[in-house]
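Here the structure is laid out as structure tokens; the discussion comes afterwards.
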Amino acid sequence: MYPLFSSCKRGSWKQWALLVVSAIVVIISIRVYFLDVNLPHNHYVCDSVDIVINAICINAYGTDEWAVPYPLVGFRSFGEYKSPLYIYLLALVFKIAPPGVFSARIFSMLLGLAGIALLVLHARKLMDLKPYYTYCASFFGLMVLSSWILVPHRMPVEVTLAVLIITAMFIITYHFFIAPNSLIYGVLLGGVTGLMPYLYSASKPFYAVQLPLVAFCLFTDKGIKGLSWKNARALYLAIGVALLMGLPVFIDLCTSKHFLARYNAVREGNILHILTNYFLNANPVFWFLKGDANFRHHTGFLGMLNPVFAFFLTLGIGAALKRIFTSQQRPYYLYILLYLLMSFVPVAMSRADDLPHAMRTLICVTPLLLLCFVGGDALYKWCVTKKTIRTFYVLSLLSIFLGAGFAAKNVSHYLKAAKEPAEMANTYDMPKPDAYWRQDERIVPYWDRSFDTRSYRYYRMTEKQEYCFCLPPPGYKPFD
């Protein structure tokens, strides 16, 4: 039993006191997470503006900004073909909320909270701590105030769906390993795999990798009796569902190949760049000490995760390697480690001019944080075995206080920088003065997609509700 409750009877005042403390930690973390939610004033970051414009156009006329009706593989945008799932969900949000980057930001921040909350609930399956909510509440607070969660979800961009959807994929995969013959979990596994091409550019390769990875982990486990390639009906059902959901992708690969946008290193055949990019991102220095050099993606203080997680991650990796050979859940631990190694491959295949990249590595956050939970559980079990529970108390409390200090400094540094005009000018695309946008006689050609004119369209659509800017001029042909 979790040591904090080892001497508590069920429903005792100590248990209730710790439950109240856990609730307070969660509430304070969420309040700080939404602190100065209007900052930074990045309404004119090109990606955020373009996503909002496309969501408005979908609502108004059922086309993207290039007059393509209901794109499935990607929205052309600046030529990188933004993944559509987030844009379509945002279009639904704009039916009940004022269209604009602020509404999109609130939506994205809620997605981030939901993703971390789901991850914390799932981590319970990997731990023997009972009750576990004090431990999980502390980790929840440190997670949501880390740069990897705090900053990207304020942008907002389509990758903000990553933590939620990929955590859901991990949960479904976990249950599929427990019940590999369940047709329900087969359908769910195929469905969540089929979402990967439409989530973000970094998740696209996992459409092809996820189910083979699950099959490898499943069939290398000799502890599962009665399962073979001949009777794996649930796995074949998952493959069928995923293939059906991926039909637009196959059609695109045979025609325009928009699906392959951003994978420059692969198209150039540069293996050395791919290897260099991989180790730039699969790097603990990037995770815990330096972070992304682009301050649109990073607070500017230390790394992408709270430094105290480095200790728990180290323990978690060691514990997961051990549990591959000893635990009844060995296929899942193998899956976590292999997924983590593969999660840096997509960013390695993309452009090499702005790496390491916090946004394109957001898909690795779920396995990293799960391994941190495993590390905490391994520390507790070791202390119980060695009968040194006080060591666990000291290390846990020290980690919480240090982590809280790092988190407070991280948030304050971020919000302070967001209020500095000079810092903003160097970090974000600053808009023209309002008087410039209010010139009604200003005419912008439809085919002009410079950032300046996009900002003008954004202003006219959100402030003036002039959705005619989604309409092409007479005789315009959609881009193919």
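Both backbone and side-chain heavy atoms feed into the values below; hydrogens, waters and symmetry mates do not.
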Closest approach of [X] and [Y], non-hydrogen atoms and distance?
X	Y	value
M109	H153	CG-O, 3.2 Å
Q210	L189	NE2-CD1, 3.6 Å
L150	R154	O-CG, 3.4 Å
M349	P205	CE-CG, 3.9 Å
S343	C364	OG-CB, 3.2 Å
P84	P71	CB-O, 4.1 Å

How about [X]: does its [atom1] atom have over 12 heavy atoms from other parts shown lying under 6.0 Å from it?
X	atom1	value
I184	CD1	no
Y236	OH	yes
F279	CZ	no

[X] ring center near [Y] ring center (under 6.0 Å):
X	Y	answer
H122	F170	no
Y278	H357	no
Y198	Y86	no
Y339	F206	yes
F288	W148	no

Drop me the distance from [X]'s [atom1] to [Y]'s [atom2], to the nearest 0.5 angstrom.
X	Y	atom1	atom2	answer
K125	L370	NZ	CG	13.5 Å
F140	L119	CZ	CG	10.5 Å
L35	I28	CG	CD1	12.5 Å
L164	S108	CG	OG	11.5 Å
S203	L195	OG	CG	9.0 Å
L90	L161	CG	CG	10.0 Å

Using side-chain heavy atoms (C-beta onward) and a distance below 4.5 Å, is [X] in contact with [Y]?
X	Y	answer
L369	I116	yes
C372	F311	no
F107	P156	no
K82	N54	no
I178	Y185	no
V73	P197	no
P69	Y61	no
L280	F286	no

Query raised in the report: Could you go step by step and tell me if W16 and L19 meet the side-chain contact (heavy atoms from CB on, under 4.5 Å) rule?
Result: CA-CA 5 Å; W16 283 107; L19 180 60; 3.6 Å; yes
Query raised in the report: Relative to each other, are the rings of F344 and W287 parallel, tilted or perpendicular (30° and 60° limits)?
Result: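 Because their plane-to-plane angle is under 30°, the rings of F344 and W287 count as parallel.
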Query - Ring geometry between Y88 and Y70 (parallel below 30°, tilted from 30 to 60°, perpendicular above 60°) - result: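 Ring orientation, 0 to 90° scale: parallel.
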Does the [X] side chain pair with the main chain of [Y], one donor and one acceptor, at a distance under 3.5 Å?
X	Y	answer
S138	I400	no
S182	A179	no
R233	L183	no
T160	V157	yes
N277	H273	yes
Y200	I363	no
R330	S327	yes

Report task. Determine the sole option in N306, D292, T299 for which the side-chain hydrogen bond (donor to acceptor under 3.5 Å, both in side chains) test with S147 is passed. Result ->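 Looking at N306, D292, T299, the match for S147 under the side-chain hydrogen bond (donor to acceptor under 3.5 Å, both in side chains) is T299.
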Requested in this report: List the steps, then state whether side-chain contact (heavy atoms from CB on, under 4.5 Å) holds for L362 with V163.
Outcome: CA-CA 7 Å; L362 199 60; V163 175; 4.1 Å; yes
Report task. Could you list all the salt bridge (Lys or Arg N to Asp or Glu O under 4.0 Å) pairs where at least one residue sits in residues 170-185, not counting sequence neighbours? Result -> none
May I ask you to check whether [X] and [Y] show a side-chain donor-acceptor distance below 3.5 Å?
X	Y	value
S201	E158	no
Y335	Q329	no
T361	N281	no

Requested in this report: Please step through ring pair (Phe, Tyr, Trp, His ring centres under 6.0 Å) for the pair F75 and Y81, ending with a clear verdict.
Outcome: CA-CA 5 Å; F75 285 72; Y81 288 90; 9.6 Å; no
Query - Working for side-chain contact (heavy atoms from CB on, under 4.5 Å), residues L395 and L379 - result: CA-CA 9 Å; L395 290 176; L379 176 64; 4.0 Å; yes
**Report entry** side-chain contact (heavy atoms from CB on, under 4.5 Å) between V374 and R323, worked out
**Finding:** CA-CA 10 Å; V374 173; R323 293 179 186 185; 3.8 Å; yes
